[in-house]
Amino acid sequence: MKKNRKSRIKITGTGYYAPDKILNNFDLEKMVDTSDEWIITRTGIKERRIASEDQATSDLAIEAGRTTLKNAGLGVKDIDLIIVATSSPDTIFPSTACWVQKGLGAGHVPAFDISVGCTGFLYGMILAEGLILTGASKRILLIGGELLTKLTDYTDRNTCVLFGDAAGAVVLEEADDESGMLSYYWKADGKLGDLLYLPAGGTRIPATAQSVAQRLHYLQMKGNDVFKHAVKRMGEAALEALKAARLKKEDIDYFIPHQANIRIIEATGKRLKVPREKVYSNIHKYGNVSVASIPISLHELQEEGKLKKGNIILMDAFGAGFTWAAVAYRW
Ligand code: COA
């Protein structure tokens with residue numbers, strides 16, 4: 001937990017990229033035993049974006065990074081670090097961030113990935129704060145990029161209705177005014193690892209004909225358990241981040257939760273007593289895009305002209321690991 005203090009980092013640019021191709025619930029009805037009504041009622045998702053065959057995660061991340069730099073009025077030469085949060089890397093190594101660095105032509109800067117499931121964007125902000133406030137970096141391009149549909153089993157109705165592909169990004173630098181990151185809270189619990197994981201392809205179960213036949217290269221999830229932990233942990237993170245920033249629930253102007261399931265979003269919003277209109281949600285059009293969901297939400301809120309200077313934003317996420325985190329931010 002980090003206390004409210006004077007020097008802070010701020011977001012100076014936002015942007016995102018989502019592939020054009022749409023997979024809606026009616027398309028899924030033709031693939032597995034499900035229905036549009038079931039998916040909407042249980043998840044809030046109507047459609048999601050699907051990357052094309054030839055796209056990898058870095059391709060989405062590069063587009064998001066380029067747009068974000070443009071929106072910030074910057075060029076690649078103006079950043080000194082690239083961090084990519086992802087759980088669906090292009091390759092086990094090199095990191096997706098290195099592919100992104102190549103794609104952006106940002107040959108001068110260090111680049112690395114963080115892999116903490118859907119909490120990756122918030123972990124990235126926390127990491128960026130440390131790097132910027134110690135003087136190690138001046139301006140960071142933080143990208144959350146995910147292409148989970150290539151790691152999803154489209155014969156498994158428990159998971160295939162949930163995920164979509166997208167990337168969102170921000171530019172972070174030291175704040176020169178009262179705005180910026182006020183506090184954070186981050187946690188992990190590795191004992192919950194097998195509730196949501198991708199079993200094969202790493203060193204535990206390397207790729208073999210058998211691992212492929214057993215469909216172990218697709219993500220697996222115990223949805224019910226994930227749901228319960230998510231509601232509990234997101235509530236905890238939100239309250240702790242507020243406390244660390246010496247804020248009250250009523251101070252929140254916008255609550256931006258990770259977009260995993262509309263019922264998780266609404267349950268967490270209720271726990272925080274945030275009125276529904278202040279709880280941002282775009283899950284109906286993207287599904288769960290993991291690390292991309294919070295930066296996309298930030299960008300959309302800004303584009304819609306809803307964010308006013310001084311607004312208090314609470315960002316909150318959980319993900320595979322388990323990991324969970326929240327960030328309180330003054331716009
Ligand atoms: N369409 C129709 N029926 C489905 C279905 C689908 N796509 N997926 C599951 N079902 C069925 C189940 O097989 C089960 O049937 P049964 O009662 O005959 O066994 C029934 O629906 C209820 O399943 P359950 O798992 O209890 O549903 P749920 O209300 O918990 O919703 C999830 C399932 C996956 C939507 C929900 O648990 C969830 O969103 N969990 C969190 C997942 C998440 O956020 N993951 C990402 C973390 S970052």
Side-chain angles (χ1 to χ4, degrees), residues 23-48 85-88 114-124 144-149 151-166 168 186-190 192-199 218-238 256-269 281-284 286-297 315-326:
L23 183 76
N24 66 31
N25 294 347
F26 300 104
D27 299 321
L28 283 163
E29 283 182 357
K30 294 178 202 132
M31 298 159 77
V32 287
D33 181 13
T34 191
S35 67
D36 175 54
E37 200 252 324
W38 191 97
I39 301 171
I40 291 180
T41 316
R42 303 284 180 122
T43 71
I45 303 167
K46 291 185 177 163
E47 59 185 41
R48 62 293 284 143
T86 187
S87 297
S88 45
I114 51 173
S115 169
V116 285
C118 302
T119 317
F121 179 75
L122 295 187
Y123 264 55
E146 212 77 90
L147 204 162
L148 285 171
T149 63
L151 307 178
T152 298
D153 184 351
Y154 281 91
T155 66
D156 175 13
R157 69 176 184 173
N158 291 297
T159 52
C160 74
V161 301
L162 296 175
F163 299 101
D165 303 328
W186 57 345
K187 284 272 158 142
D189 183 355
L192 301 174
D194 61 1
L195 294 187
L196 174 56
Y197 78 133
L198 200 155
Y218 293 121
L219 64 90
Q220 296 186 359
M221 182 181 74
K222 297 192 179 91
N224 251 307
D225 293 327
V226 171
F227 192 101
K228 283 179 218 147
H229 284 291
V231 173
K232 189 169 165 206
R233 296 312 189 184
M234 284 180 72
E236 168 198 320
I256 307 182
H258 165 47
Q259 308 284 306
N261 180 314
I262 194 69
R263 292 183 292 142
I264 297 175
I265 293 170
E266 288 179 351
T268 314
S281 172
N282 55 19
I283 190 167
H284 56 287
Y286 300 120
N288 182 346
V289 289
S290 181
V291 285
S293 75
I294 291 180
I296 293 178
S297 301
M315 300 173 245
D316 194 2
F318 74 96
F322 259 36
T323 58
W324 58 102

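Counting starts at 1 for both ligands and their atoms, in listed order.
Closer than 4.0 Å to atom 16 (P) of ligand 1 lies none of the heavy atoms of the protein. Checking atom 20 (C) of ligand 1 against the protein gives no heavy-atom contact under 4.0 Å. Within a 4.0 Å radius of atom 32 (C) of ligand 1, the protein contributes no non-hydrogen atoms. Within 4.0 Å of atom 28 (P) of ligand 1, at least one protein heavy atom is present. Contact annotation for atom 25 (O) of ligand 1: protein present (non-hydrogen atoms, distance under 4.0 Å).
With respect to atom 46 (C) of ligand 1, the closest heavy atom belonging to the protein is Asn288 ND2, 3.4 Å. Protein heavy atom closest to atom 10 (N) of ligand 1, with residue, atom name and distance, is Trp38 CZ2, 3.4 Å. Nearest protein heavy-atom neighbour of atom 48 (S) of ligand 1: Cys118 SG, 3.1 Å. From the protein, the heavy atom lying nearest to atom 39 (O) of ligand 1 is Asn261 ND2, 2.7 Å. In terms of protein heavy-atom proximity, atom 41 (C) of ligand 1 is nearest to Gly223 O, 3.5 Å. Atom 22 (C) of ligand 1 has its closest protein heavy atom at Arg42 NH1, 3.6 Å. At the shortest separation from atom 1 (N) of ligand 1 among protein heavy atoms lies Thr34 OG1, 2.7 Å. Nearest non-hydrogen protein atom to atom 14 (C) of ligand 1 is Arg157 NH2, 4.6 Å.
Arg157 contributes no side-chain N or O that, together with a main-chain N or O of Met31, makes up a donor-acceptor pair within less than 3.5 Å. A donor-acceptor contact shorter than 3.5 Å is absent between the side chain of Glu47 and the backbone of Asn24. Looking only at distances, no side-chain donor or acceptor of Asp225 sits under 3.5 Å from a matching main-chain atom of Lys222. A donor-acceptor pair under 3.5 Å is absent between the side-chain atoms of Gln220 and the main chain of Leu198, judged by distance alone. Put simply, the side chain of Thr323 gets close to the backbone of Val116: a donor and an acceptor are under 3.5 Å apart. Between the side chain of Thr86 and the backbone N or O of Gly145 there is at least one donor-acceptor pair closer than 3.5 Å.
Salt-bridge formation is not detected for the pair Arg263/Glu266: no Lys NZ or Arg NE/NH1/NH2 atom is positioned less than 4.0 Å from an Asp or Glu carboxylate oxygen.
Inspection of the Thr149 and Asp165 side chains reveals an N or O donor paired with an N or O acceptor under 3.5 Å. A side-chain donor from one of Ser290 and Glu146 sits under 3.5 Å from a side-chain acceptor of the other.
You'll find the side chain of Ile256 stays beyond 4.5 Å of the side chain of Asp316, heavy atoms only.
Using a 4.0 Å cut-off between heavy atoms, Asn224 contacts ligand 1 through both its backbone and its side chain. Residue contacts with ligand 1, taken as heavy atom pairs separated by less than 4.0 Å, involve Asp33 solely via the backbone atoms N, CA, C and O. The part of Val161 lying near ligand 1 is the side chain, judged by heavy-atom distances below 4.0 Å. In Ile39, neither the side chain nor the backbone holds a heavy atom less than 4.0 Å from any atom of ligand 1.
A heavy-atom separation below 4.0 Å is not found between Val32 and ligand 1. Using a non-hydrogen distance threshold of 4.0 Å, Val226 registers as a contact of ligand 1.
Proximity annotation for atom 47 (C) of ligand 1: of Trp324, Phe163, Phe318, Phe318 comes nearest, heavy atoms only. Nearest-heavy-atom check against atom 34 (C) of ligand 1 across His229, Met221, His258, Lys222 picks out Met221. Residue nearest to atom 44 (O) of ligand 1, selected from Cys160, Ala260, Gly319: Ala260 (by heavy-atom distance).
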Worked verdict on Ile264 versus Phe227 for side-chain contact (heavy atoms from CB on, under 4.5 Å): CA-CA 7 Å; Ile264 297 175; Phe227 192 101; 3.5 Å; yes

Verdict with reasoning, Val289 to Arg48, per side-chain contact (heavy atoms from CB on, under 4.5 Å): CA-CA 9 Å; Val289 289; Arg48 62 293 284 143; over 6 Å; no

His229 and Phe322: CA distance, side-chain angles, deciding distance, ring-ring contact (aromatic ring centres under 6.0 Å, His included) verdict: CA-CA 9 Å; His229 284 291; Phe322 259 36; 5.8 Å; yes

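Within ligand 1, counting atoms from 1 as listed, the ones closer than 4.0 Å to a heavy atom of Arg263 are 28 (P), 29 (O), 31 (O). For ligand 1 and Asn158, the ligand atoms under 4.0 Å from any heavy atom of the residue are 8 (N), 9 (C), 34 (C).
Residue contacts with ligand 1: Thr43 is placed with no nitrogen or oxygen under 3.5 Å of a nitrogen or oxygen of the ligand (distance criterion only).
Considering all non-hydrogen atoms of both residues, Ala267 and Val231 come closest at CB-CG1, 4.1 Å. Heavy atoms only, all atoms of each residue included: Cys118 and Asn288 are closest at SG-OD1, 4.2 Å.
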